[in-house]
Number of protein chains: 2
Amino acid sequence: MTKAKNTEERILEAAIKIFSEKGFSAATTSEIAKEAKVAEGTIFRYFPKKKELLHGIVLKAIDLFGQNVVVNSLEKTIEANKRKDTAELLKAIIMDRVSLFEEYFPYIKVIFYEIQFHDDVRELFFDKIAKELIKIGKQIFNEGKKRGEFRDINPFIAARSFVGMAFMMIMQRQFFSSETVYVNIEDEIEVLIDIFLNGIRKC
Amino acid sequence: MTKAKNTEERILEAAIKIFSEKGFSAATTSEIAKEAKVAEGTIFRYFPKKKELLHGIVLKAIDLFGQNVVVNSLEKTIEANKRKDTAELLKAIIMDRVSLFEEYFPYIKVIFYEIQFHDDVRELFFDKIAKELIKIGKQIFNEGKKRGEFRDINPFIAARSFVGMAFMMIMQRQFFSSETVYVNIEDEIEVLIDIFLNGIRKC
DNA sequence: CTCTTTAGTGAGTGATTACTCACTCACATT
DNA sequence: AATGTGAGTGAGTAATCACTCACTAAAGAG
């Protein structure tokens, strides 16, 4: 039982590694088996089809997301909102999640890229992650709006814009870090938040 | 000769279609052949390896980009900057490129996906497209800065942020259009520009 | 100790893949 | 009319793929 759980975990971790390196289609089950140090047949005991490995990854990501992002950030939102202004709150939330984001980047990468080819992945992602993210975003945004800090901007577009800014930063850092000038990631995030909040703030 | 050029074109167009639908690895040369209405062997006369099809697509995208974006937008930048402010200029440039963007979305999709797996694609993209985009972005930004319209923000981060906002919008529209409320794309872009310019503007 | 169960194995399999090559045939050249 | 050329063909091939299954080993139950 303990051994079994361990094996399944090892297979999933290997799958995440290989999928994020090569993409779902280019990854082979034999390579995943080698990485997980199990026989190829063992994979199919736990995941009867290759695609179920992908589902396993998405489900694990949803789980991790639920643990680390939703609960935690909502708590902080409510707690910190009593003392600080929205800018500082947002900054605190994002900064707190930078390392988490980098740690789970392989998951993000796999989900983000395979979303376009697999409808089931897309639906899972949207229902379990995107909706929650949108909810949190709107919540924070509406809080600031109520206090008169923000202008009257569609909160969905605002939240999506910020995610896009952050996403592009991560992408550039991942793929073109050597070609572009290096800036400390915390400094960069401060700039992002600065641009974004100024963008939606009354002034 | 004319027939030959036609064949190569047809193969490339079929490849773009299939690659953007399934990704490079999941796409098969036989399917591309069927789509292009040539024998499978014909593909390998023009593109000896499957991967050269991918290169062909990237090169074609670079070509289209050079024709439609770089030259055109730089001209417009210089010309329009004499009368309008940066907000209007930016709006004009983006609006003008929306339909172009949607038309060439399969190219963008393929390049964006494969960039992470193929160093050669990455280098081509960076040298021929990203550098130009950064240059244009900086140019527009510095123009506004010189006039005292903008605050002192790293122009690279600013430009990248805007691209990220737009990119996320396109992504959401492509993959989650049915799940989210539909807003006219022109209105959305106005919001994006509004947030962005407010974000970098002095006030 | 025997029997049952169950996790793990890896050689084997049919299907599919990228790629080859001997071939065709509509032309142009002589 | 005879010959040469090269774009286009598609059956063929070796390699590789996801997936299967008869098996082993270990451990727990009786």
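In this text the structure is predicted, and so the values were computed from the model without any measurement. First the proteins, then the strands, lettered A, B, ... as listed; each starts at 1.
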Report, one line per pair, each donor and acceptor closer than 3.5 Å where one atom sits in a side chain of residues 31-40 of chain B; sequence neighbours left out.
unit_1: Glu31(B); atom_1: OE1; unit_2: Lys22(B); atom_2: NZ; d: 3.3
unit_1: Glu31(B); atom_1: OE2; unit_2: Lys22(B); atom_2: NZ; d: 3.4
unit_1: Glu35(B); atom_1: OE1; unit_2: Lys17(B); atom_2: NZ; d: 3.4
unit_1: Glu40(B); atom_1: OE2; unit_2: Thr29(B); atom_2: OG1; d: 2.8

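- In this structure, Ile115(A) CD1 and Asp120(A) CG are separated by 10.5 Å, a value rounded to the nearest 0.5 Å.
- Between Glu9(B) atom CD and dA7(D) atom C1' there is a gap of 17 Å when expressed in whole angstrom units.
- Between Ile129(A) and Val58(A), every side-chain heavy-atom pair lies at or beyond the 4.5 Å cut-off.
- Rounded to an integer number of Å, the gap from NZ of Lys37(A) to C1' of dG10(C) is 18 Å.
- Separating the NZ atom of Lys22(B) from the P atom of dT17(C) is a distance of 9 Å, rounded to the nearest angstrom.
- Summarising the geometry, the separation between NZ on Lys34(B) and C1' on dT9(D) is reported as 16 Å, rounded to the nearest angstrom.
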With the criterion being N/O to N/O and under 3.5 Å, what pairs connect the protein with nucleotides 25-27 of chain C, and how long is each?
none

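- Electrostatic pairing of Glu188(A) and Arg160(B) counts as a salt bridge here, judged by a charged N lying under 4.0 Å from a carboxylate O.
- When the P atom of dC19(C) is taken as reference, atom OH of Tyr46(B) falls 18 Å away, rounded to whole Å.
- The CZ atom of Arg45(A) sits 12 Å away from the P atom of dC21(D) (whole-angstrom rounding).
- Heavy-atom contacts from other residues, nucleotides or ligands closer than 6.0 Å to NZ of Lys50(B) number more than 12.
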Write down the protein N/O and nucleotide N/O pairs, taken from nucleotides 15-19 of chain D, whose separation is under 3.5 Å; answer none if there are no such pairs.
unit_1: dA18(D); atom_1: OP1; unit_2: Ala27(A); atom_2: O; d: 3.1
unit_1: dA18(D); atom_1: OP1; unit_2: Lys50(A); atom_2: NZ; d: 3.1
unit_1: dA18(D); atom_1: OP2; unit_2: Thr29(A); atom_2: N; d: 3.0
unit_1: dA18(D); atom_1: OP2; unit_2: Thr29(A); atom_2: OG1; d: 2.9
unit_1: dC19(D); atom_1: OP2; unit_2: Lys50(A); atom_2: N; d: 2.6

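- The ring of Tyr113(B) has its center closer than 6.0 angstrom to the ring center of Phe117(A).
- The distance from atom CD of Glu8(A) to atom C1' of dG8(C) is 14 Å, rounded to the nearest whole Å.
- Between Leu53(A) and Leu12(A), the shortest heavy-atom contact is O-CD2, 4.0 Å.
- Within 6.0 Å of NZ in Lys60(A) there are more than 12 heavy atoms belonging to other residues, nucleotides or ligands.
- Rounded to an integer number of Å, the gap from CD1 of Ile43(B) to C1' of dT20(C) is 14 Å.
- Ring to ring, Phe65(B) and Tyr107(B) are not that close: their centroids are 6.0 angstrom or more apart.
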